[in-house]
Amino acid sequence: MQFFALLTRNTQKFGDADFAPLLPPESEQRKTLYAQGAVRQIWNRGDIPGSGMMFEATDEKEVRGHLATLPLIEAGMMDIAAIVPLNPYPGFGPKR
C-alpha cells in the first residue's frame, strides 16, 4: 500500500544554522530508504520549508518507523503534518 507523508520543518524553533549540520545525514538516510524500496518519491514543498514523501508500506506504523530514522525527525526539527493512505484511482480501470 502507498502512503503520502507531508513533513514541515520546525522553523519556529530552529534557524538555517541549526539545520545545516543535519542536512547531509538527512539526505543519506533518505537515499537509504529509497534504495530499500520504502520510499518511492521525494519532493520539496513549494509552499513552506518541508517535503513530501511517497512510501510503500503495509501500514501507517511502518511509515512512522521509517520517518523516525530521519535525523531531522529524531532531532525534533521536522514535524509530520500528515500521513495519508492512498487507494488506487478507479477512473483509469478497464472499460466495461
Side-chain angles (χ1 to χ4, degrees):
M1 183 171 189
Q2 291 189 323
F3 292 83
F4 186 74
L6 190 60
L7 309 173
T8 58
R9 283 194 185 184
N10 190 342
T11 56
Q12 301 292 356
K13 293 184 183 177
F14 303 98
D16 290 342
D18 300 313
F19 288 102
L22 290 178
L23 294 180
E26 178 80 10
S27 176
E28 287 305 311
Q29 181 58 17
R30 288 176 182 229
K31 289 177 191 175
T32 297
L33 291 172
Y34 182 84
Q36 292 171 346
V39 171
R40 297 294 184 153
Q41 295 178 324
I42 303 172
W43 300 270
N44 284 328
R45 291 182 63 165
D47 56 347
I48 60 174
S51 59
M53 299 175 73
M54 183 73 68
F55 281 89
E56 190 73 39
T58 56
D59 55 27
E60 183 177 326
K61 182 178 178 182
E62 185 179 349
V63 174
R64 288 186 181 277
H66 291 309
L67 289 170
T69 69
L70 297 175
L72 291 177
I73 296 281
E74 289 176 331
M77 300 171 79
M78 182 87 76
D79 298 321
I80 302 169
I83 297 175
V84 181
L86 301 173
N87 294 319
Y89 177 68
F92 294 122
K95 293 184 180 183
R96 296 178 192 228

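Worth knowing before you read on, the calculation uses all heavy atoms, side chains too, and leaves out hydrogens, waters and symmetry mates.
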Carboxylate-amine/guanidinium proximity below 4.0 Å for R45 and D47: yes
Hphob cluster co-occupancy, M54 + I42, side-chain heavy atoms under 4.5 angstrom: no
From I48 atom CD1 to L6 atom CG, the distance as rounded to the nearest 0.5 Å: 7.0 Å
Atom pair CD/CD of Q36 and E56 - distance to nearest 0.5 Å: 14.0 Å
Steps toward side chain to side chain contact (heavy atoms under 4.5 Å, CB included) verdict (V39, R30): CA-CA 8 Å; V39 171; R30 288 176 182 229; over 6 Å; no
Closest heavy-atom pair and its distance - F19, T11: CE1-CG2, 4.5 Å
Closest heavy-atom pair and its distance - A57, F3: O-CE1, 3.6 Å
Under 3.5 Å: donor-acceptor pair, side chain of S27, backbone of L23: no
Minimum side-chain heavy-atom gap M53-V63 below 4.5 Å: no
Nearest-0.5 Å distance, CD of residue Q41 to CD of residue Q2: 8.0 Å
Whichever hydrophobic residues join Y89 through chains of side-chain contacts under 4.5 Å: F92
Distance-only donor-acceptor pairs under 3.5 Å for side chains of residues 65-88, two or more places apart:
residue: T69; atom: OG1; partner: Q29; partner atom: NE2; Å: 2.8
residue: T69; atom: OG1; partner: H66; partner atom: O; Å: 2.6

